[in-house]
Amino acid sequence: MAGTSKGEGRIGLLNGLAAYGMWGLVPLFWPLLKPAGATEILAHRMVWSLVFVAVALLVVRRWAWAGELLRQPRRLGLVVIAAAVITVNWGVYIWAVNSGHVVEASLGYFINPLVTIAMGVLILKERLRPTQWAAVGVGVAAVLVLAIGYGRPPWISLVLAFSFATYGLVKKKVDLGGVESLAAETAVQFLPALAYLLWLGAHGDLTFATGGPGHAALLASTGIVTAIPLVCFGAAAIRVPLSTLGLLQYLAPVFQFLLGVVYFHEAMPAERWAGFALVWLALVLLTWDALRTSRRAARALGPRATRSTGPVEPTGGTGVPEPVGAAAAAAPGGACDLPGIADMPGAPVAEAGTAPLPKP
């Protein structure tokens with residue numbers, strides 16, 4: 001029994017590493033799709049993601065949720081809003097990567113937990129612990145320092161962070177699994193995206209038709225690039241503790257940042273290093289507070305855990321990087337694609353003031 005548990009945990013960890021690793025390395029993929037512009041790439045991503053996910057759901061025969069969703073206009077309306085918000089997120093991320101702003105895009109996923117916490121306070125009237133307030137304050141200071149360094153607000157980072165935080169807030173209300181949610185949202189996106197591609201083709205500007213079979217295959221693979229990390233994340237979410245996933249989430253923006261600096265050779269003057277250092281300090285504060293609160297919750301659950309038939313995973317008041325009144329849903333064209341814990345079936349509900357997992 002213990003061996004099986006360890007084996008499952010190892011499988012879960014490997015899937016988690018694979019999911020966040022793929023999200024972190026996705027900036028290497030979007031430039032391969034040039035000369036297609038960001039809007040054409042975005043449209044292909046919408047179309048081919050639906051094709052891939054629909055085939056997967058047909059294979060596993062998981063369509064019961066669709067009928068239920070169609071009979072609930074309010075949830076359907078929320079899916080439309082989620083699809084619109086993630087369209088902005090995906091589009092800005094793809095444009096940012098292919099325009100030489102990988103580092104600024106990675107910042108959006110670093111500050112996403114801070115933005116989600118702020119939205120929880122402002123919109124949901126959630127209460128924060130003192131350390132969380134300190135982390136948010138340091139995050140605000142970081143944005144100001146970066147704005148001075150860039151000579152403008154880091155709008156790419158802010159759009160990515162706020163759009164994904166809004167997406168998570170809406171997704172929490174929809175309450176669909178990660179793959180089902182992706183299917184519903186891309187179904188909303190499908191017709192406008194297809195119409196845009198047909199319009200490009202009618203004007204002779206569709207690179208899918210003029211770039212050769214290799215280029216066409218790469219554009220079609222955007223569906224796989226979107227869905228596979230989500231599947232790996234789902235496999236990890238049911239096998240490893242939330243605290244582990246909460247720490248793994250930072251792999252994606254770390255990889256993106258390193259790619260921007262080391263591989264794409266983007267400039268990092270001293271003021272940008274200072275701004276990023278403040279962001280990382282804020283995340284250290286959040287993580288320390290999360291782990292401390294999680295240990296307290298575990299100790300409080302100790303007597304109950306010993307009376308139970310199996311281990312108890314603290315699900316309330318943990319402070320683990322989970323969604324704050326919202327689920328950080330599946331995958332930014334980069335780390336904005338990243339799904340949230342609460343998107344997975346049977347996932348625990350986060351307490352007020354906890355941060356979400358990013359999704360490119």
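- Linking Ile, Leu, Val, Met, Phe, Trp and Tyr whenever their side-chain heavy atoms come within less than 4.5 Å puts V170 and L76 in one cluster.
- Between G139 and L114, the closest heavy-atom pair is CA-CD1, 3.8 Å.
- Two different hydrophobic clusters hold V145 and F276 under the rule that ILVMFWY side chains link at heavy-atom gaps under 4.5 Å.
- Of the possible donor and acceptor atoms, one in the side chain of T186 sits under 3.5 Å from a partner among the backbone N and O of A183.
- Rounding to the nearest 0.5 angstrom, the gap separating the CH2 atom in W48 from the CZ atom in F190 is 9.0 Å.
- What you find for P153 and A147 is that their closest heavy atoms are CA-CB, 4.0 Å.
- Aromatic pair Y93/W90: centroids not less than 6.0 angstrom apart.
- Note that the CZ atom of R272 and the CD1 atom of I148 stand 13.5 Å from one another [nearest 0.5 Å].
- R45 places no side-chain N or O within 3.5 Å of a backbone atom of T226 that could act as its donor or acceptor partner.
- Side-chain atoms of I156 and L107, non-hydrogen and from C-beta on, never get closer than 4.5 Å to each other.
- Criterion: ILVMFWY side-chain heavy atoms under 4.5 Å apart, direct or through other members. Under it, V53 and V79 are part of a common hydrophobic cluster.
- T87 pairs by the side chain to side chain donor-acceptor pair (under 3.5 Å) definition with Q189, not counting sequence neighbours.
- Residues L283 and P113 come closest through the heavy atom pair CD2-CG, 4.3 Å.
- The shortest heavy-atom contact between P27 and F264 is O-CZ, 3.6 Å.
- Judged by distance alone, the side chain of D289 and the main-chain N or O of L285 form no donor-acceptor pair under 3.5 Å.
- Counting heavy atoms from C-beta outward, Y196 and L42 have side chains that stay 4.5 Å or more apart.
- With hydrogens and angles ignored, the 3.5 Å screen pairs a side-chain donor or acceptor of N98 with a backbone N or O of W30.
- Closest non-hydrogen pair, L219 versus A36, comes out as CD2-CB, 4.3 Å.
- There is a path of hydrophobic side-chain contacts, each under 4.5 Å, that joins L69 to L57.
- Within the model, atoms CE of M22 and CZ of F233 stand 12.0 Å from one another, a figure rounded to the nearest 0.5 Å.
- Looking at residues two or more places apart in sequence or on another chain, you find a side chain to side chain donor-acceptor pair (under 3.5 Å) between R239 and E8.
- How far CD1 of I86 is from CE of M46: 9.5 Å, rounded to the nearest 0.5 Å.
- Smallest separation of non-hydrogen atoms from L286 and A135: CG-CB, 3.8 Å.
- For the ring-ring contact (aromatic ring centres under 6.0 Å, His included) test, residues two or more places apart in sequence or in another chain that qualify with W273 are F257.
- In this structure E40 satisfies the side chain to side chain donor-acceptor pair (under 3.5 Å) test together with H44, T207, sequence neighbours excluded.
- Judged as a side chain to side chain donor-acceptor pair (under 3.5 Å), and not counting sequence neighbours, R71 has no contacts.
- No salt bridge links R75 with E180; every basic N to acidic carboxylate O contact stays at or beyond 4.0 Å.
- Side chains of I94 and L33 form no contact here, defined as non-hydrogen atoms less than 4.5 Å apart.
- Of the possible donor and acceptor atoms, one in the side chain of E266 sits under 3.5 Å from a partner among the backbone N and O of V102.
- Residue V284 is found outside any hydrophobic cluster, as its side-chain heavy atoms come under 4.5 Å of no other Ile, Leu, Val, Met, Phe, Trp or Tyr.
- Around the CH2 atom of W133, the shell of radius 6.0 Å holds no more than 12 heavy atoms that belong to other residues, nucleotides or ligands.
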